[in-house]
Amino acid sequence: MKALVYHGPGQKAWEDVPDASIREPTDVVVKVDTTTICGTDLHILHGDVPAVTDGRILGHEAVGTVTEVGDAVKGFSVGDRVLVPAITKCGRCEYCQRSMPSHCQTVGGIGWIFGHLIDGTQAESVRVPYADTSLYAVPASVTNEQAIFLADSLPTGYEVGVLAGKVRPGDTVAVVGAGAVGLSAILTTGLWGASRVIAVDTNKFRLDKARDFGATDTVEAGDNTTADVLELTGGVGVDVSIEAVGYPETLLTTASLVRPGGTIANIGVHGVPVSLPMQDMWIQNVTLTMGLVDTVSIPTLLKMVASGRIPAEKMGTHSFTFAQMDEAYDVFSNAAENSALKVVITPS
Ligand SMILES: NC(=O)c1ccc[n+]([C@@H]2O[C@H](COP(=O)([O-])OP(=O)(O)OC[C@H]3O[C@@H](n4cnc5c(N)ncnc54)[C@H](O)[C@@H]3O)[C@@H](O)[C@H]2O)c1
Ligand SMILES: [Zn+2]
Ligand SMILES: [Zn+2]
């Protein structure tokens, strides 16, 4: 079969590899019908994730069809249409039982293994360990182009942003960074009845998208971001302030927007230390949350996509075939210039 193989920083190739096959009785093999690229794949290609070594097939998001089933698998059969999420879970370890499979101890100490610790989903087929507890059947009314965004970005914005931030009816929410993850937070903030959602980004295309995804106000990030957001909230600050970029300055901005008693929910992946102004923050009774997505909200999100409450398909702006994998990476790497959000990649 063919797959996108990582060959060290800056190097990848769509090339022939051995077919994906069952290794454990709890595995299935899934023929990949739709996949996408995540910002994390770009981090890997920059060499930022040393656990990913030469020869690894990239990708941790897929929708596909089961083609082989291990002897111990009870819940899935050949022909089933399934969502392969970014997080794999054994279902039995302490973290899985606490609904925190992001830290599943059985699959490698961390739930994110595809395109990281084992071969991933940017391939014609993928071996899925712990299939019974990790895969989701896709309802007939949900298309592949909708389901693919439930593998990672939508649950991330929802769980690490909206749920961790404890958005409640009537709340005013700021979302700093309107990429796929920030937009997912914006899209799902309405489910908890936020009255105002203020999107902050440096990019005008992303701010336009934010309105389309449900933001009531937009602020172009710059020197006056904090003042602009405070003005929109009558000087009070927001109830929930969500960070979806991953830079020290954007976390500081996010923290500066919250009212006393509010919550700062950090989603961004940070590569360097951040100095928070604790001398100002300690007296504010604020909560700061952070974490890796668990993807445990997928069943909820699937129902809401199926019923039309969440228009997940809005996330896909560009489509490519497997043969155009390089082009897909080029467009996604320069997403802002290409007016791109997420790319949809299919066999043909
Ligand atoms: N915690 C998790 O489990 C988890 C999972 C997936 C992704 N992430 C992280 O979430 C973050 C967002 O992911 P994404 O895919 O949406 O990324 P993205 O690059 O598509 O979006 C980031 C957005 O931030 C904007 N931005 C850049 N600098 C800014 C600034 N100074 N002020 C305001 N906006 C600014 C960009 O214009 C862009 O729209 C990343 O750090 C990613 O690694 C975290
Ligand atoms: Zn990802
Ligand atoms: Zn586990």
Side-chain angles (χ1 to χ4, degrees), residues 1-3 17-36 57-93 95-97 99-102 104-108 110-155 159 293-307 312 322 344-347:
M1 67 172 196
K2 290 227 183 249
V17 296
D19 285 349
S21 60
I22 304 276
R23 286 193 208 161
E24 301 289 337
T26 43
D27 292 349
V28 304
V29 174
V30 171
K31 173 186 163 290
V32 176
D33 297 321
T34 308
T35 186
T36 184
I57 298 173
L58 294 173
H60 52 262
E61 299 154 278
V63 182
T65 311
V66 175
T67 54
E68 275 182 73
V69 179
D71 291 341
V73 175
K74 301 270 189 292
F76 294 95
S77 312
V78 169
D80 286 354
R81 193 160 65 101
V82 291
L83 171 64
V84 183
I87 300 292
T88 304
K89 51 179 189 273
C90 77
R92 293 191 312 270
C93 74
Y95 287 106
C96 281
Q97 295 204 339
S99 284
M100 248 180 79
S102 53
C104 176
Q105 294 300 295
T106 315
V107 301
I110 194 86
W112 168 43
I113 56 170
F114 288 119
H116 180 204
L117 308 180
I118 68 166
D119 283 335
T121 55
Q122 288 163 10
E124 288 180 321
S125 281
V126 59
R127 175 179 79 91
V128 179
Y130 295 102
D132 271 336
T133 40
S134 301
L135 287 177
Y136 298 90
V138 181
S141 59
V142 175
T143 65
N144 290 1
E145 293 71 24
Q146 294 175 313
I148 188 63
F149 304 118
L150 273 67
D152 187 350
S153 7
L154 262 163
E159 293 174 20
V293 65
D294 288 301
T295 67
V296 292
S297 65
I298 287 175
T300 309
L301 295 172
L302 265 176
K303 279 188 224 166
M304 284 189 281
V305 173
S307 70
F322 282 162
V344 176
I345 307 171
T346 53

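Residues take their numbers from the sequence shown, with the count starting at 1.
- A distance of 9.5 Å separates CE in M304 from CG in L150, rounded to the nearest 0.5 Å.
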Practice task
For the pair I57 and M1, evaluate side chain to side chain contact (heavy atoms under 4.5 Å, CB included) and give the outcome as yes or no after the intermediate values.
Solution key: CA-CA 12 Å; I57 298 173; M1 67 172 196; 4.1 Å; yes

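- Closest heavy-atom contact between V82 and V30: CG2-CG2, 3.9 Å.
- Checked against side-chain contact (heavy atoms from CB on, under 4.5 Å), P347 has the following partners two or more places apart in sequence or in another chain: F322.
- Applying the side-chain contact (heavy atoms from CB on, under 4.5 Å) test to S297 and every residue at least two apart in sequence or in another chain returns P155, Y158, E159, L301.
- The side-chain contact (heavy atoms from CB on, under 4.5 Å) check on L117 picks up A51, I110, I113, with sequence neighbours excluded.
- Each ring pair (Phe, Tyr, Trp, His ring centres under 6.0 Å) pair with one or both residues in residues 125-150, not counting sequence neighbours, would appear here, but there are none.
- Atoms CD1 and OG1, from I148 and T121 in turn, are 7.0 Å apart once rounded to the nearest 0.5 Å.
- The CH2 atom of W112 sits 11.5 Å away from the OG1 atom of T88 when rounded to the nearest 0.5 Å.
- A131 approaches V28 most closely through the heavy-atom pair CB-CG1, 3.5 Å.
- In this structure a side-chain-to-backbone donor-acceptor pair under 3.5 Å is present from E124 to K2.
- In this structure the side chain of L302 reaches within 4.5 angstrom of the side chain of P139, judged on heavy atoms.
- Residues that satisfy the side chain to side chain donor-acceptor pair (under 3.5 Å) test with T26, not counting sequence neighbours, are absent from this structure.
- A distance of 4.0 Å separates OG1 in T34 from CG in N144, rounded to the nearest 0.5 Å.
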Pair up each side-chain donor or acceptor in residues 62-79 with any protein partner under 3.5 Å, not counting sequence neighbours, and list the distances.
unit_1, atom_1, unit_2, atom_2, d
T65, OG1, D33, OD2, 2.6
T67, OG1, V29, O, 3.3

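- The two residues A306 and S141 make their nearest non-hydrogen contact at CB-OG, 3.5 Å.
- For D152, there are no salt bridge (charged side-chain N to carboxylate O under 4.0 Å, His left out) partners at least two apart in sequence or on another chain.
- Sorted by first then second residue, the salt bridge (Lys or Arg N to Asp or Glu O under 4.0 Å) pairs that include residues 76-90, not counting sequence neighbours, number zero.
- Residues C96 and T133 are not in side-chain contact: their nearest non-hydrogen atoms beyond the backbone lie 4.5 Å or more apart.
- A147 and L83 make their closest contact through O-CD1, 3.4 Å (heavy atoms, listed as atom of the first residue, atom of the second, distance).
- Not counting sequence neighbours, the partners of R127 by the salt bridge (charged side-chain N to carboxylate O under 4.0 Å, His left out) test are D27.
- Distance check: T35 OG1 to H60 NE2 gives 9.0 Å after rounding to the nearest 0.5 Å.
- Among residue pairs with one or both ends in residues 135-151, none qualify as salt bridge (Lys or Arg N to Asp or Glu O under 4.0 Å); sequence neighbours excluded.
- Contact annotation: the side chain of P101 approaches that of V296 to within less than 4.5 Å [non-hydrogen atoms, C-beta and beyond].
- Take Q97 and apply the side-chain contact (heavy atoms from CB on, under 4.5 Å) test, not counting sequence neighbours, and it matches no residue.
- Sequence neighbours left out, not one pair with a member in residues 128-141 passes salt bridge (Lys or Arg N to Asp or Glu O under 4.0 Å).
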